[in-house]
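Before any comments, here is the structure.
Bear in mind that the values here come from a model prediction, so they are computed numbers and not experimental data.
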Amino acid sequence: MIQTARWLGAAVIATLREGSRAIGASWRGVPDAPGGPYDRAAFQWSSALLRAGRITVRVEGPGVLRDRPVVYVANHISLLDIPALVVGLPPVPKFVMKKELLRVPIFGRAAKAAGHIAIDRANRGAAFAAYDEAAEVVRQGRSALVFAEGTRSRHGKLLPFKKGPFVLAIAAHVPIVPVVVVGSYDLMPSLAMVPKPGEIVLRIGEDIPTVGCSYDDRVQLSDRARGAMLGLGAVAF
């Protein structure tokens, strides 16, 4: 009961505090920049949730954190994935997220203010437009992060991949970097309201280049990323 109150209280307070800061910066016309107020708000929000849950994040793998824009392609197995990825992949990448998250009070408005990109999965034309927007953000120097499966896995195993993340990387002319989140499902599976204490590991793979690739190469890139993620410890359904 104490852990539940601690977690839920931290989530509410952090969302109100950091969400208000991001929204306020947007109202004042503060531009986005690596390490700026939007990144700080996201980092502080994520850190508060992980700290309240007594969760640590460790980054490992053959790859290294990039100092140039890339498209991170990650698995999605728990609500803890987002704060773990924010803390583990500085500067904060721009998340490509489902449009429904914009309806979450404070969080949705803050995410929009910070320049994260919402995808309407029910509208194919709008989805392609959103990926075009994301590609422009990447070309301007910010990395993007897309969950390869397009949704959260309810059983902790890797679902079939969507092609959008790979179309995005081709359009932005940047490498794909596979990232596997390990441990978050055990700490907070799909029906859990409160996480257990523990460690989340982010395993970062090697670049998958997109130089010379066209739209027709999206399936091949998807297959390469999936193979890399399985090699990093993801478990196929």
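The distance from the CG atom of D186 to the CD1 atom of I200 is 10.0 Å, given to the nearest 0.5 Å. In this structure, CZ on R54 lies 11.5 Å from CG on L187, to the nearest 0.5 angstrom. Atom CZ in R21 sits 9.0 Å away from atom CZ in R40 (nearest 0.5 Å). Separating the CG atom in L49 from the CD atom in E18 is a distance of 10.5 Å, to the nearest 0.5 Å.
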Problem set entry | L221 and C213: CA distance, side-chain angles, deciding distance, side chain to side chain contact (heavy atoms under 4.5 Å, CB included) verdict | CA-CA 9 Å; L221 291 172; C213 290; 4.3 Å; yes
Exercise. Between L85 and F147, is a side chain to side chain contact (heavy atoms under 4.5 Å, CB included) present by the stated rule, with each step listed?
Worked result: CA-CA 11 Å; L85 289 162; F147 292 118; 3.7 Å; yes
Exercise. Is there a side chain to side chain contact (heavy atoms under 4.5 Å, CB included) between L16 and V12 once you walk through the steps?
Worked result: CA-CA 6 Å; L16 288 172; V12 170; 3.9 Å; yes
For this session: Step by step, work out the side chain to side chain contact (heavy atoms under 4.5 Å, CB included) result for Y185 and L80.
Result: CA-CA 8 Å; Y185 183 83; L80 296 173; over 6 Å; no
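Side-chain contact check for R224 versus P209: some heavy-atom pair is nearer than 4.5 Å. Taking 4.5 Å as the limit, some side-chain heavy atom of V70 sits within range of a side-chain heavy atom of S143. Counting heavy atoms from C-beta on, the side chains of D32 and K94 come closer than 4.5 Å. When side chains are defined from C-beta on, V181 counts as touching L202, because their heavy atoms get closer than 4.5 Å. At least one side-chain heavy atom of V219 sits less than 4.5 Å from a side-chain heavy atom of D223. Contact of the L89 side chain with the I204 side chain is registered, since non-hydrogen atoms from C-beta on lie closer than 4.5 Å. Between I55 and P195, some side-chain heavy-atom pair lies under the 4.5 Å cut-off.
A salt bridge links D39 to R142: at least one charged side-chain nitrogen sits closer than 4.0 Å to a carboxylate oxygen. Taking the charged nitrogens against the carboxylate oxygens, D81 and R152 have no contact shorter than 4.0 Å, which rules out a salt bridge.
Hydrophobic cluster membership for I13: none, as no Ile, Leu, Val, Met, Phe, Trp or Tyr side chain comes under 4.5 Å of it.
Hydrophobic clustering (side-chain heavy atoms under 4.5 Å, transitive across Ile, Leu, Val, Met, Phe, Trp, Tyr) keeps V201 apart from V235. Taken together through direct or relayed side-chain contacts under 4.5 Å among Ile, Leu, Val, Met, Phe, Trp and Tyr, V92 and V30 form parts of separate hydrophobic clusters. Note: the hydrophobic cluster containing W7 also contains V87 (ILVMFWY, side chain heavy atoms under 4.5 Å, direct or indirect links). No single ILVMFWY cluster, assembled from side-chain heavy atoms under 4.5 Å apart, contains both F95 and I77. With hydrophobic clusters built from ILVMFWY side chains whose heavy atoms lie under 4.5 angstrom apart, V138 does not share a cluster with V211.
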If you look only at distance, which donor and acceptor atoms sit under 3.5 Å apart when one is on a side chain in residues 156-172 and the other is two or more places apart or in another chain?
none

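Between V71 and the choices V177, V174, L145, I208, the side chain to side chain contact (heavy atoms under 4.5 Å, CB included) rule is met once, by V174.
For the pair V96 and A134, the tightest heavy-atom approach, listed with the atom from each and the gap, is CG2-CB, 4.2 Å. Of all heavy-atom pairs between A113 and S26, the closest is CB-CB, 3.5 Å. Taking every heavy atom of both residues into account, P178 and E206 meet most closely at CD-O, 3.3 Å. Annotation for A52 and R6: closest pair O-NE, 3.0 Å, computed over non-hydrogen atoms. Across every non-hydrogen atom of P69 and P175, the tightest pair is O-CD, 4.1 Å. Scanning both residues, H76 and T151, for their nearest heavy atoms gives CB-O, 3.8 Å.
Sorted by first and then second residue, the ring pair (Phe, Tyr, Trp, His ring centres under 6.0 Å) pairs with a member in residues 28-51 read W45-F107; sequence neighbours excluded.
Distance alone, capped at 3.5 Å, places no donor-acceptor pair between the T210 side chain and the H173 backbone. Between the side chain of E199 and the backbone N or O of R58, no donor-acceptor pair lies under 3.5 Å. A donor-acceptor pair under 3.5 Å is formed between the side chain of S46 and the backbone N or O of A42.
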